[in-house]
2 protein chains.
Amino acid sequence: MSGRLAVIGLGPGSETMITPQARDEVGRATHIFGYFPYVERLSPRPEQIMHGSDNRQELDRARAALDLASSGQNVAIVSGGDPGVFAMAAAICEAIDDGPPAYRDIDLVSVPGVTAMLAVAAICGAPLGHDFCAINLSDNLKPFSVIEERALCCAQTGMAMAFYNPISKSRPWQLDHIFDRLRSHLPPQVPVIFGRAVGRPDQCVSSVALADAKGSMADMATCVIVGSVTTRSIERPGRDPLIYTPRYWPDELAGDVR
Amino acid sequence: MSGRLAVIGLGPGSETMITPQARDEVGRATHIFGYFPYVERLSPRPEQIMHGSDNRQELDRARAALDLASSGQNVAIVSGGDPGVFAMAAAICEAIDDGPPAYRDIDLVSVPGVTAMLAVAAICGAPLGHDFCAINLSDNLKPFSVIEERALCCAQTGMAMAFYNPISKSRPWQLDHIFDRLRSHLPPQVPVIFGRAVGRPDQCVSSVALADAKGSMADMATCVIVGSVTTRSIERPGRDPLIYTPRYWPDELAGDVR
């Protein structure tokens, strides 16, 4: 008899940004899987069995959770942010697609959450207030040329962009390279936002002009938002500037798209 | 003395998807502004003053809320989903940018929420599990040529896309036109998802192949997700198919990008 697997988004990191649905689903599971830092955010009951694992083990984690669920257990797998945005939901689907038929009998539910780019954007104003894209900068699973092409196409067509997993020890130069390429397509004053740990004690959100953006301003847990040609800053006495992208697209720019 | 304005995302529509932070901020306000259907989702206390308004009055609503806040009041303005994604946060920033200096003294906070595309994606599997973009299909504030260019560029570079405000009485043909254009750049079997009212009693989420997608399958409140060339469906006996976009990009497609 087959069990249940809940793929749960815990939001950016603050207790106050976890939805009641996510909290209920965590409470209902007997086994809870996840990357160590996310599992450690939970306060399990004594009878709940925690299965923390390392980063970059998404498929192994997915298969272990699916095996337990298909054996009839009540299983949860937690992600930070939203599970469908560069998190566990796609890895679970890949494992089901390539896995035994029993995986398809599991009662699979996905619980959405507040993904990092929305939390970072809320701190700054509304940098994603116009059309935008979300790009995983990791080239572990795709060629860097594809990532570069996507970022340039978004810049050229006037979309803001949010970069997830922007840099790591094994990918030290890619973010600087992307900034360099974007500088040849966007004005130097376009705001670039670096946001990490939103809602946590170590929250750090800052912005610089694209001209001054450096890869060293980000780490693996940073969400980087690059504005579009229309993104603006509003100076406020005694407060951080408001960074936003207007809802409208100026007629005089319409012809400039590509 | 200046007051406070909280720009709050209520999530897709279910009580279980409203974050504690959003609920607290709603409870804290004396005046609550918003589009009628969102204001009607709240259960105000007797002393809270509700200011429901019609659709397409975002700037008037923003200015009214900012005026009350700058007079010292404790004001909230609610959006469905996330306020920073095609909702009130950008309208508020536009009003501050063009408004009196007093607007810049307001204690402005934005409370993120679960935006529609994440809730719709969670119901289907993980269609946004790879790079993706979010496009507001309304051409009220931007030329349709710009929208078209962005959708095609995303399809050509292998990004899935989520369309907000896909169709309305005043924009009856645009979505069909976009589907037609996408059919010349994407395989006919690419999944197209139509999701509305997620988490509400009238929830309706369905999918068709791009070859069969029609504008009449959407309404103003539908979020439409169009997969990329790599988006797949997993058939499951007795269950809806799982629709997902793998995290990896196949090497054999790398050269095909654009």
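Reminder, nothing fancy here: chain letters follow the sequence lines and each chain counts from 1. Note that this is a predicted model, so its numbers are computed, not measured.
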Under 4.5 Å from any heavy atom of chain B, what part of [X] do you find: side chain, backbone, both or neither?
{"X": "T245(A)", "value": "backbone"}
{"X": "R232(A)", "value": "side chain"}
{"X": "N140(A)", "value": "neither"}
{"X": "I135(A)", "value": "both"}
{"X": "A134(A)", "value": "both"}
{"X": "M117(A)", "value": "side chain"}
{"X": "A91(A)", "value": "both"}
{"X": "R247(A)", "value": "both"}
{"X": "L152(A)", "value": "neither"}
{"X": "D97(A)", "value": "both"}
{"X": "D24(A)", "value": "neither"}

For each of [options], tally heavy-atom pairs with chain B at distances under 4.5 Å, and name the one with the top tally.
{"options": "T19(A), T115(A), T16(A)", "value": "T16(A)"}
{"options": "P101(A), A126(A), C154(A), P112(A)", "value": "P112(A)"}
{"options": "N136(A), L141(A), D131(A)", "value": "D131(A)"}
{"options": "P237(A), G113(A), A90(A)", "value": "A90(A)"}

- Query: Taking C-beta and beyond as the side chain, do E94(A) and Y248(B) meet within less than 4.5 Å on heavy atoms?
  - Reply: yes
Mark yes or no for whether [X], through its side chain, and [Y], through its backbone, hold a donor-acceptor pair below 3.5 Å.
{"X": "R41(B)", "Y": "L10(B)", "answer": "yes"}
{"X": "R171(B)", "Y": "N165(B)", "answer": "yes"}
{"X": "R104(A)", "Y": "E235(B)", "answer": "yes"}

- Message: Give me the atom names and distance for the closest heavy-atom approach of R4(A) to A69(A).
- Response: O-CB, 3.7 Å
Could you check which of [options] has the highest count of heavy-atom pairs closer than 4.5 Å to chain A?
{"options": "M17(B), M159(B), E15(B), R239(B)", "answer": "R239(B)"}
{"options": "V114(B), V109(B), V198(B)", "answer": "V114(B)"}
{"options": "I147(B), L128(B), I243(B), I92(B)", "answer": "L128(B)"}

- Message: I'd like to know if E149(A) and R181(A) make a salt bridge, using a cut-off of under 4.0 Å between side-chain N and carboxylate O.
- Response: no
- Message: Is I106(B) close to chain A through its backbone or its side chain, or both, or neither, when contacts mean heavy atoms under 4.5 Å?
- Response: backbone
- Task: Describe, in one word, how the ring planes of F86(B) and F132(A) are oriented to each other, choosing from parallel (under 30°), tilted (30 to 60°) and perpendicular (over 60°).
- Result: tilted
- Quick one: ring-ring contact (aromatic ring centres under 6.0 Å, His included) partners of Y103(A), sequence neighbours excluded? none
- Task: Identify, with sequence neighbours excluded, every residue that meets side-chain hydrogen bond (donor to acceptor under 3.5 Å, both in side chains) alongside S110(A).
- Result: none
- Message: Against I193(B), only a single residue in V226(B), V205(B), V224(B), I123(B) fulfils side chain to side chain contact (heavy atoms under 4.5 Å, CB included); can you say which?
- Response: V205(B)
- Message: What's the separation between atom CG in L137(B) and atom OH in Y164(B), rounded to the nearest 0.5 Å?
- Response: 12.5 Å
